[in-house]
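Step one of this worksheet: look at the structure below.
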Amino acid sequence: MTDTSPLVLVDGSSYLYRAFHAMSQADLRNSSGQPTGAVRGVISMLRRLQKDYPDSPIAVVFDAKGKTFRDEMFAEYKAQRPPMPDDLRSQIQPIHDIIDAMGLPRLVVDGVEADDVIGTLAAQAGAERPVVVSTGDKDMAQLVNDHVTLVNTMTDTRMDVAGVKEKFGIPPELIIDYLALMGDKVDNIPGVAGVGEKTALALLQALGGLKDIYQRLDEVPSLSIRGAKSLAKKLEDSRDAAMLSYELATIKCDVELEVSIAELIPKAPDNDALLALFSEMEFRSWVEELQGSEAATDVESSKPATATRYEVVTDAEVFHKWVERLAAAELFAFDTETTSLNYMQARVVGVSFAVEAGEAAYVPFGHDYIDAPDQLSEEEVLGALKPLLEDADCAKVGQNLKYDANVLANHGIALRGIADDTMLQSYVLNSTASRHDMDTLALKYLGETTVHYEDIAGKGAKQLSFNQIALEQAGPYAAEDADITLRLHQCLSPQLGAEKGLNEVYRNIELPLVPVLSRIERNGALISREMLGKQSLEIAEKLKELEQQAYEIAGGEFNLASPKQLGEILFERLEIPVVKKTPKGAPSTAEEVLVELAHDYPLPKVILDYRGLAKLKSTYTDKLPQLIDERTGRVHTSYHQAVAATGRLSSSDPNLQNIPIRSAEGRRIRKAFIAAEGYKILAADYSQIELRIMAHLSRDEGLIRAFKNGEDIHRATAAEVFGVAPEDVSDEQRRNAKAINFGLIYGMSAFGLARQLHIGRNEAQQYIDLYFERYPGVLRYMDDTRALAAEKGYVETLFGRRLHLPEINARNGQRRQAAERTAINAPMQGTAADIIKNAMIAVDRYLIDENPDAKMIMQVHDELVLEVAEGQLEQVQARVVELMSAAAELAIPLEVGVGSGNNWDEAH
DNA sequence: TTCTCGCCGTAC
DNA sequence: GACGTACGGCGAGAAT
């Protein structure tokens with residue numbers, strides 16, 4: 001604890017109301033119906049404050065029950081306030097309990113309001129130490145001075161003296177006068193009748209405080225204020241009310257308190273109590289966090305926090321000492337700082353390292369703000385590091401090293417020797433956790449609050465790039481990244497090592513995939529700007545026509561892209577019956593609804609066509625060309641390896657995994673994914689991989705037989721379910737069987753199937769019953785999976801990847817059922833993901849070892865896309881199919897379909 | 001002007 | 001309400 005850590009005073013009552021109203025839309029409740037929104041809001045705000053001011057004394061202040069001195073002063077004070085809603089009242093006790101368990105001092109003083117307690121404590125702190133008042137109440141601005149700042153933790157805004165002047169147009173000293181003139185409807189402070197915000201401000205700016213205004217009443221009529229003539233009389237009439245309002249609005253700063261600031265030190269949290277309270281409220285992520293960090297906090301409390309030694313290295317001798325140290329180390333953590341998040345454009349401007357926990361260095365070489373100190377040169381730093389970074393035997397750990405590998409490649413450095421990646425360690429340990437970024441992991445596993453990038457770089461339009469950040473700030477931030485990475489590694493490696501299956505997924509699949517993905521990303525996909533541009537223009541023409549048609553039918557113009565406006569036109573003006581509603585109760589205009597309405601009305605068809613084309617244009621034909629890299633002429637997606645809970649990759653900027661294929665106009669976009677001169681696009685995809693996995697996992701004889709015989713699986717299913725010979729299966733029967741097959745993979749219910757097939761629920765249930773009768777192994781597998789999930793709390797893929805299902809035993813039926821559906825789907829989707837990842841590693845190794853003129857350019861869940869020199873097409877194609885088929889040993893063959901052509905569409 | 005949320009639609 | 005996993009564009013309303 002230092003003397004300069006600010007005293008933090010939290011206006012609990014103001015947050016209580018604000019959180020309640022902010023969260024009321026969502027109507028959060030736990031499964032026993034207890035409302036929890038305000039609890040969550042208030043507690044998350046306190047957690048943020050704790051993180052922001054870890055060493056500060058703190059008080060969380062609430063209004064006392066019963067009358068206050070203001071009520072004695074003015075009987076009508078706050079008389080207009082409606083009684084506290086029951087849903088809020090019932091949340092107060094839990095909030096108090098949680099605050100106590102968090103170890104935070106909680107204050108309630110009879111006869112006064114929270115504001116007054118806060119004002120008094122702020123006054124007591126005086127100039128001794130800075131005070132931060134956390135509140136959502138603007139009235140508190142009167143407390144602001146050189147030592148006191150206001151923070152609204154819900155909106156993350158701060159207000160100091162200058163901030164008050166900016167926001168209100170007057171200094172803090174005049175805030176009470178301002179409130180007295182204006183009055184306050186909510187608190188029933190009368191103010192001066194007829195004076196609102198504008199007039200109050202003008203008066204204060206022209207004449208000074210309330211007393212001055214009343215002394216200079218004669219000057220009022222000549223002021224250039226609207227209604228100045230009658231204003232003096234209004235003021236005169238309300239003189240008493242104004243004086244009373246002034247008293248009411250004044251925060252009392254001399255309340256007698258039984259505690260002193262020195263006593264406002266947070267205690268260690270009672271984690272057991274917290275766990276029970278969070279569990280009761282069903283705050284899942286906080287429960288998880290507590291459970292995950294138990295080990296960490298235990299360790300922490302038993303020994304003092306390690307002091308950190310972070311240095312900025314600008315001296316050649318010191319730098320080379322570090323390099324020697326890195327070379328001699330068994331393992332080191334490192335991180336690059338760069339100019340951009342775009343890995344193709346980013347330049348490295350500094351590198352940080354850590355060898356021992358708590359100690360780290362940042363070596364800048366590209367910071368170029370005004371008056372930046374002298375730094376070592378890029379050549380000297382990267383030149384000395386290159387041998388280490390490229391040495392496969394020199395073990396390194398990082399957080400999301402794919403990014404570092406990509407940017408180092410921009411400097412001609414090929415990163416090797418990736419011993420561990422903490423992001424992937426965290427992901428494999430618990431893929432259900434929502435984020436695996438370093439800040440989150442540091443808090444979760446180390447109990448450390450890290451410096452956030454936004455803290456030092458700002459945010460929004462005025463965000464600085466890293467090379468513009470002063471070394472005083474950049475150094476500790478960058479060094480901390482390396483230090484935290486190393487410490488995370490020390491924490492996560494043993495956890496992973498203790499789980500054989502998880503460790504294998506991590507070692508054999510995720511880690512080796514990193515350099516493979518890096519290469520695919522950097523290879524990029526060649527797309528034709530011309531073709532997409534032409535398509536955009538043509539679509540624009542068609543959209544214009546459709547728009548005109550829509551206006552004619554609707555009898556007026558409206559925004560076709562607005563579901564709200566469209567809903568009004570369709571269901572109010574045209575009086576078309578509402579088929580379905582959105583979860584929020586608005587009439588749905590979703591595709592399936594419009595398709596149905598299109599039978600009977602002309603407008604829905606036009607809207608459907610419009611939407612389809614507008615989507616293609618904005619998301620694809622307009623957007624993709626913007627993402628072409630200037631130098632390579634290609635688009636370079638980012639594959640995310642720690643996002644999808646099932647183990648799949650995801651892709652963004654651009655997302656290459658949802659390029660259209662189902663419509664002709666959509667396929668035109670695939671035609672724009674072309675091969676370079678002399679090359680062809682090769683696309684290889686697994687056929688029915690998830691159903692094959694289901695056959696393998698369930699060991700169902702019928703399903704296995706069908707796949708072994710190479711049958712058309714949907715036709716075979718139809719033959720079984722509908723009791724006809726395979727050759728007699730009608731198109732409709734096959735279509736229905738296909739829907740059943742997909743539905744099974746997704747854990748679909750009879751209701752879902754009925755909706756999909758537009759049949760009755762009973763009929764759908766009959767299909768499902770028949771299916772399970774014909775494929776009893778599948779039924780057994782599904783039952784077993786649900787049971788196992790409920791018992792263990794997770795499900796596994798064939799390769800041992802785990803997916804945690806915290807809600808599998810939820811009392812809330814809807815949530816539990818959702819978890820059960822995930823339990824059914826995840827082993828199949830996840831095993832498929834494991835398999836194609838294995839295949840990618842194998843194909844990559846083949847491309848490197850045998851060096852054909854070919855490269856992988858895309859992965860789309862069950863498909864690999866390569867760009868291959870024409871002369872080597874057949875050879876590469878054969879090998880890719882072979883390697884993909886051999887990526888897993890199942891009870892049935894893994895069939896791979898393959899095609900090639902001048903573009904992605906032709907390759908299908 | 002910028003941010004967040006809901007809705008919708010694309011892929012596998 | 002009711003079918004799993006993603007990403008992303010747009011409108012609308014809130015915050016600024």
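In the text below, chain A, chain B and the rest are named by the order of the sequence lines, each starting its count at 1. Values reported hereafter were calculated over all heavy atoms of this structure, with side chains retained and with hydrogens, waters and symmetry mates removed.
- To the nearest angstrom, C1' of C:dT5 lies 13 Å from CG of A:D862.
- Counting non-hydrogen atoms under 4.0 angstrom, A:I661 reaches the backbone sugars and phosphates but no base.
- Across the protein-nucleic acid pair, A:L805 atom CG and C:dG4 atom P stand 13 Å apart, rounded to whole Å.
- Separating the OH atom of A:Y620 from the C1' atom of C:dG8 is a distance of 8 Å, rounded to the nearest angstrom.
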List every contact pair, protein side and nucleotides 9-13 of chain C side both N or O, where the distance is under 3.5 Å.
{"unit_1": "C:dG9", "atom_1": "OP1", "unit_2": "A:K623", "atom_2": "NZ", "d": "2.7"}
{"unit_1": "C:dG9", "atom_1": "O3'", "unit_2": "A:S618", "atom_2": "OG", "d": "3.3"}
{"unit_1": "C:dG11", "atom_1": "OP1", "unit_2": "A:N559", "atom_2": "ND2", "d": "3.0"}
{"unit_1": "C:dG11", "atom_1": "O3'", "unit_2": "A:S562", "atom_2": "OG", "d": "3.1"}
{"unit_1": "C:dA12", "atom_1": "OP1", "unit_2": "A:S562", "atom_2": "OG", "d": "2.6"}
{"unit_1": "C:dA12", "atom_1": "OP1", "unit_2": "A:Q565", "atom_2": "NE2", "d": "3.1"}
{"unit_1": "C:dG13", "atom_1": "OP1", "unit_2": "A:K564", "atom_2": "NZ", "d": "2.8"}

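- When heavy atoms are screened at a 4.0 angstrom cut-off, A:R815 is found touching no nucleic acid atom at all.
- Salt-bridge check for A:E547 with A:K544: failed, with every basic side-chain N at 4.0 Å or more from each acidic carboxylate O.
- The two residues A:L603 and A:I569 make their nearest non-hydrogen contact at CD2-CG2, 3.9 Å.
- Of all nucleotides listed (C:dG4, B:dG9, B:dC12), B:dC12 comes nearest to the side chain of A:R662.
- Relative ring orientation between A:Y427 and A:H436 is described as perpendicular, the plane-to-plane angle rising above 60° on a 0-90° scale split at 30° and 60°.
- When each of B:dA11, C:dG4, B:dG9 is scored by its nearest atom to the side-chain atoms of A:E591, the top-ranked nucleotide is B:dG9.
- For the pair A:L866/A:V843, a side-chain contact is recorded, criterion being any heavy-atom separation below 4.5 Å from C-beta on.
- Contact annotation: the side chain of A:N903 never approaches that of A:F673 to less than 4.5 Å [non-hydrogen atoms, C-beta and beyond].
- Under the 4.5 Å side-chain criterion, counting only non-hydrogen atoms from C-beta, A:Y767 is in contact with A:L757.
- Here the C1' atom of nucleotide C:dT5 and the CD atom of A:Q859 are 13 Å apart, to the nearest Å.
- Here A:I745 lies out of heavy-atom contact (under 4.0 Å) with every strand.
- In terms of heavy atoms, A:H804 sits closest to A:T432 at O-OG1, 3.0 Å.
- Of the residues in residues 637-645 of chain A, A:V643, A:A644, A:A645 come within less than 4.0 Å of DNA chain C through at least one heavy atom, sorted by number.
- Backbone-only contact: A:R821 has heavy atoms under 4.0 Å from sugar-phosphate atoms and none from a base.
- Residues A:E510 and A:R801 are paired through a salt bridge, judged by an N-O separation under 4.0 Å between the basic side chain and the carboxylate.
- The side chain of A:S749 has C:dA2 as its nearest neighbour among C:dG4, C:dA2, C:dA6.
- Rounded to whole Å, the distance from CD1 on A:I835 to P on B:dC12 is 18 Å.
- Listed nucleotides: C:dG8, C:dA2, B:dC8. Nearest to the side chain of A:D653: C:dG8.
- Of the candidate nucleotides B:dC8, C:dG4, C:dG8, C:dG8 has the atom nearest to the side chain of A:S652.
- Rounded to an integer number of Å, the gap from A:K617 NZ to B:dG9 P is 18 Å.
- Between B:dC8 and A:R611, no contact under 4.0 Å exists linking OP1 or OP2 to a side-chain N or O.
- Of the possible polar contacts, none joining the A:E807 side chain to the A:R816 backbone as a donor-acceptor pair under 3.5 Å is found.
- Atom-to-atom, CG of A:N655 to C1' of C:dC7 comes out at 5 Å; the value is rounded to the nearest Å.
- Considering only side-chain atoms of A:H861, the nucleotide from C:dA6, C:dA2, B:dC12 that sits closest is B:dC12.
- Going from atom CG of A:L627 over to atom P of C:dC7 covers 15 Å, rounded to whole Å.
- No side-chain heavy atom of A:E906 sits less than 4.5 Å from a side-chain heavy atom of A:I681.
- Nucleotides C:dG1 and B:dG6, compared at atom P, are 15 Å apart to the nearest Å.
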